[in-house]
Amino acid sequence: MSATTHLKSLFKDQYNPDNFFLIAGPCVVEDEALLMHVAEKVSGICKRLNIPYMFKASYRKANRTSINSFSGVGDVEGLDLLQKTKETFDLPVTTDIHSAAEAAMAAAYVDVLQIPAFLCRQTDILLAAAETGKFVNVKKGQFVSGEAMKFAVEKIKQSGNDKVWLTERGTTFGYQDLVVDYRNIPVMREHGVPVVMDCTHSLQQPNQTSGVTGGNPKLIGTIAKAAIATGADGIFIETHPDPSKAKSDGANMLHLDLLEGLLEQLVRIREVVKS
C-alpha cells in the first residue's frame, strides 16, 4: 500500500493530503489531568487549522541521564492513560518502546510505535515492532546519516510491514549540542516513506554535567519552519502547559500557549510550498 493510503487509514476523517500532520504531546505520561488538558487543547487547534493530529507521550522513559530522573507512573498505568486519551478525543496515539519485549505490550494500546534515535540500528527492536503490524516511526540516530536510514526501513519492510516513517532529530555536534542538516529530509523521503521533523529533541543539549539535558526552545519555530519549507511530511513537537515543571525534557519543550501561533505560521508556509 502507498504511504498516502496508510496515512489516510491512520488519521481517518482528519486526513488532509494538502497539509502536514502533527505529532505532539508532553514528553512523558505524568498524570491523567496533563494528558487530557494537552490533548483537548491541541486537538481543538488542529481541527480549526485542518491539521491531522496524533497525540504523543512516553509511557516510560528508559533513557534518562540521571538515575534520579522521573521515568514514568508505571507501564500499565501509563499505557492505560494513553488509551484513555485516544478514546476520549478519538485520536491516534504513539509512544516509545525501548526493547523488543515492549513492542507487543505497547501495540495493544497505541497506533504507532516509536523507536528512539539511539536504538534505530537495533534489529531485534525493529523486527519486533514491525511484527505487531502497527505503524513504526524510527527516529534517525544522532550518529547516522539520512542515507543510511534506508537499512532501518528495509528491516521493517522485509518483515512484511510497510507502515514505516522516519524522523529527523539532529546530528551530534561536539559533546553537548546537536545540529540539524535539512538535506536529510529530502534524502530520507527518497527511501519511499514519510519523513517527520522532531522540532524539540533536535534542540537538546545533552550530556550536561548537571545530569539534566538542556535545550534551546527559542529555536523551535525556526526548526519547524525550515522543516516545512524543505518538504517534511510531519512535525513532531513536545509541548507542556508549564515546561519549567515538566518531569522530563522541560528544557526543550514548547510552552503549550505558543503552539497555536506557530502552527498557523506553518500552515501558511505549507500553502506556499505546495502552490
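We number each residue from 1, following the sequence as shown. These figures come from a predicted structure and were not determined experimentally.
Residues satisfying the side chain to side chain donor-acceptor pair (under 3.5 Å) criterion with N50, sequence neighbours excluded, are absent altogether. Applying the side chain to side chain donor-acceptor pair (under 3.5 Å) test to T123 and every residue at least two apart in sequence or in another chain returns K155. In this structure L79 satisfies the side-chain contact (heavy atoms from CB on, under 4.5 Å) test together with Y59, L82, T95, M105, A106, Y109, sequence neighbours excluded. A search for side chain to side chain donor-acceptor pair (under 3.5 Å) contacts involving H6 returns D162, not counting sequence neighbours. Not counting sequence neighbours, the partners of E32 by the salt bridge (Lys or Arg N to Asp or Glu O under 4.0 Å) test are K84. Checked against side chain to side chain donor-acceptor pair (under 3.5 Å), K274 has no partners two or more places apart in sequence or in another chain. Residues satisfying the salt bridge (Lys or Arg N to Asp or Glu O under 4.0 Å) test with D80, not counting sequence neighbours, are none.
The same ILVMFWY cluster, assembled from side-chain heavy atoms under 4.5 Å apart, contains both I237 and L256.
The salt bridge (Lys or Arg N to Asp or Glu O under 4.0 Å) contacts involving residues 111-123 comprise K86-D111, where partners must be two or more places apart or lie in separate chains. Among pairs with a residue in residues 253-266, those fulfilling salt bridge (Lys or Arg N to Asp or Glu O under 4.0 Å) read K41-D257, R48-E260, R48-E264, at least two apart in sequence or across chains. Residue pairs meeting the salt bridge (Lys or Arg N to Asp or Glu O under 4.0 Å) criterion with at least one member in residues 184-200, sequence neighbours excluded, are K139-D198, R189-D233.
Other members of a hydrophobic cluster containing M253 are absent, since no ILVMFWY side chain comes under 4.5 Å of it, directly or through relayed contacts. The other residues sharing a hydrophobic cluster with L7 are L10, F11, Y15, F21, I23, M54, V112, F135, W165, V196, F236, where clustering joins ILVMFWY side chains under 4.5 Å apart.
A heavy-atom distance below 4.5 Å is found between the side chains of I97 and I115. Contact annotation: the side chain of L22 approaches that of V42 to within less than 4.5 Å [non-hydrogen atoms, C-beta and beyond].
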